[in-house]
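Scope of the values below: all heavy atoms of this structure, side chains included, with no hydrogens, waters or symmetry mates. Owing to the predicted nature of the structure, the values given are computational and were not obtained by experimental measurement.
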Amino acid sequence: REAADADEPAVHVTSTVTREALPEERRLPVDELRAACPDHRDGPGFYRRFAARGNEWLGAFQGIEELWVGEGQALGRIGVPPGVDPSGYTCHPALLDSCGQVIASLIPAEDRSAAFVLGSVDEVVIYPDAGVPVWAHAVPVVAWRSDSVCGDLVVADGDGRVIIEIRGLRLQYLQPPDSVRDPEGW
């Protein structure tokens, strides 16, 4: 920014909020998804893996208790961490963050990229009486940037009732893979 613009606010995010008629209630087929995702992992293992890469979620932001990973999808069981009180929220921010972390489980172990941050979200649908998330199902989508991983997320309560959908959740690497940094490696 130019020095003359220092008093002008910087726009970092824009959004549009609309109300739409909701479709019929949907259920996440949790048992079918677990069966389709044979690679079972525990939450502490997930957090160790990503801490080694530079993403260290602590305390309230460690809500993943279990993960099931399969071909092109992952299912996470989300728990309420100590110190988090979900009452008074449509969906507690720390729990929603934990749901979004399930997309990271789709990053292949051989991927050498470092830490990432939230890059963008295309669309969020929050259903009435959302409640406490217990399940998060992630599927990859093609990222529009080569320095990112992107996925769609469906969040459900303990009964499997879909309560939130997030489309185009993009995680942007702080230090992208060598193939992105080195044009000769393409």
If the condition is side-chain hydrogen bond (donor to acceptor under 3.5 Å, both in side chains), which residues does [X] pass it with, not counting sequence neighbours?
X	answer
E25	R27
D42	none
Q73	H137
R170	S120, S148, Q172

Tell me which donor-acceptor pairs under 3.5 Å the side chains of residues 76-84 have, and how far apart each pair is, sequence neighbours excluded?
from, atom 1, to, atom 2, distance (Å)
R77, NE, E66, OE1, 2.8
R77, NH1, E65, OE1, 2.4
R77, NH2, E65, OE1, 3.4
R77, NH2, E66, OE1, 2.8

Just jot down the ring pair (Phe, Tyr, Trp, His ring centres under 6.0 Å) partners of F46, sequence neighbours excluded, or say none.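 Ring pair (Phe, Tyr, Trp, His ring centres under 6.0 Å) check on F46 returns F50, W57.
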Rounded to the nearest 0.5 Å, how far does [atom2] of [Y] lie from [atom1] of [X]?
X	Y	atom1	atom2	answer
S146	Y173	OG	OH	10.5 Å
I103	L169	CD1	CG	4.0 Å
L96	I166	CG	CD1	4.5 Å
Q101	L171	CD	CG	9.5 Å
Y47	L58	OH	CG	10.5 Å

Exercise for the section: Following the transitive rule for hydrophobic clusters with a side-chain heavy-atom cut-off under 4.5 Å over Ile, Leu, Val, Met, Phe, Trp and Tyr, establish whether V124 and L118 coincide in one cluster. Expected result: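 Yes.
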Among the clusters formed by ILVMFWY side chains lying less than 4.5 Å apart, do V125 and W135 turn up in the same one?
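The answer is yes; both residues are in one hydrophobic cluster.
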Minimum side-chain heavy-atom gap [X]-[Y] below 4.5 Å:
X	Y	result
C91	I126	no
D111	V149	no
F116	I107	yes

Hits for side-chain contact (heavy atoms from CB on, under 4.5 Å) against P140, two or more places apart or cross-chain, chain-then-number order -> L106
According to side-chain contact (heavy atoms from CB on, under 4.5 Å), who are the partners of D39, at least two apart in sequence or on a separate chain?
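Counting only residues at least two positions away or on another chain, D39 forms a side-chain contact (heavy atoms from CB on, under 4.5 Å) with R41, V69.
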Pairs under 3.5 angstrom only: tabulate donor-acceptor contacts from the side chains of residues 150-164 to other protein residues two or more places apart or in another chain.
from, atom 1, to, atom 2, distance (Å)
D152, OD1, G168, N, 2.8
D157, OD1, D159, N, 3.0
D157, OD1, G160, N, 3.2
D157, OD1, R161, N, 2.9
D157, OD2, R161, NE, 3.1
D157, OD2, R161, NH2, 3.3
R161, NH2, D129, O, 2.9

For D31, the salt bridge (charged side-chain N to carboxylate O under 4.0 Å, His left out) test, sequence neighbours excluded, returns R34
- Considering residues at least two apart in sequence or located in another chain, which fulfil the salt bridge (charged side-chain N to carboxylate O under 4.0 Å, His left out) criterion with R49?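 Partners of R49 under the salt bridge (charged side-chain N to carboxylate O under 4.0 Å, His left out) test: none.
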Do any pairs count as a ring pair (Phe, Tyr, Trp, His ring centres under 6.0 Å) and have a residue in residues 140-163, sequence neighbours left out, and if so which ones?
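Checked against ring pair (Phe, Tyr, Trp, His ring centres under 6.0 Å) - neighbours excluded - no pair reaches residues 140-163.
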Here the pair of heavy atoms bringing G70 nearest to P38 is CA-CD, 4.0 Å
| request: State, to 0.1 Å, how close A60 and A94 come at their nearest heavy-atom pair, and which atoms those are. | output: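 The pair with the smallest heavy-atom distance is O-CB, 3.4 Å.
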